[in-house]
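Just so it is clear, the model here is predicted, and its values are computed rather than measured.
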Amino acid sequence: MSMASSLFKALIGSSNRPLKARNLSSVSAVISNHTAKWMQDVSKKSPMELINEVPPIKVEGRIVACEGDTNPALGHPIEFICLDLKEPAVCKYCGLRYVQDHHH
């Protein structure tokens, strides 16, 4: 049985009955096992490693508005980021980095 189908069965089974602590713990165990299995595969890059491969985005102004993606369904709440510091500013939602592009 795949991890997704066992999680689905655990969720469906718990929706037919009133929620009890044992039902929630079985769903939690399935999720924990899935996370542990994912963490063991070192051939794949973590989300943080993938986002750190994106070079800092150069911006002309002092403030940038990060939305994570041009498609609102794939993005995150808008965050206004100040670029006054010398090191890249990081979006707290998606991890994209921004730097001020000086044209002097």
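For the pair C66 and C94, the tightest heavy-atom approach, listed with the atom from each and the gap, is SG-SG, 3.7 Å. Closest non-hydrogen pair, A65 versus I78, comes out as CB-CD1, 3.8 Å.
Pairs passing the ring pair (Phe, Tyr, Trp, His ring centres under 6.0 Å) check and including a residue from residues 63-90, sequence neighbours excluded, read H76-Y93.
R97 places no side-chain N or O within 3.5 Å of a backbone atom of C91 that could act as its donor or acceptor partner. Here the side chain of E79 pairs a donor or acceptor atom with the backbone of K92 at under 3.5 angstrom.
Interatomic distance, Q100 CD to D84 CG, rounded to the nearest 0.5 Å: 6.5 Å. The distance from the CG atom of L50 to the NZ atom of K44 is 11.0 Å, given to the nearest 0.5 Å.
Applying the under-4.5 Å side-chain rule to Ile, Leu, Val, Met, Phe, Trp and Tyr, the cluster around I57 extends to M48, I51, V54, V59, V64, I81, L83, L96, Y98.
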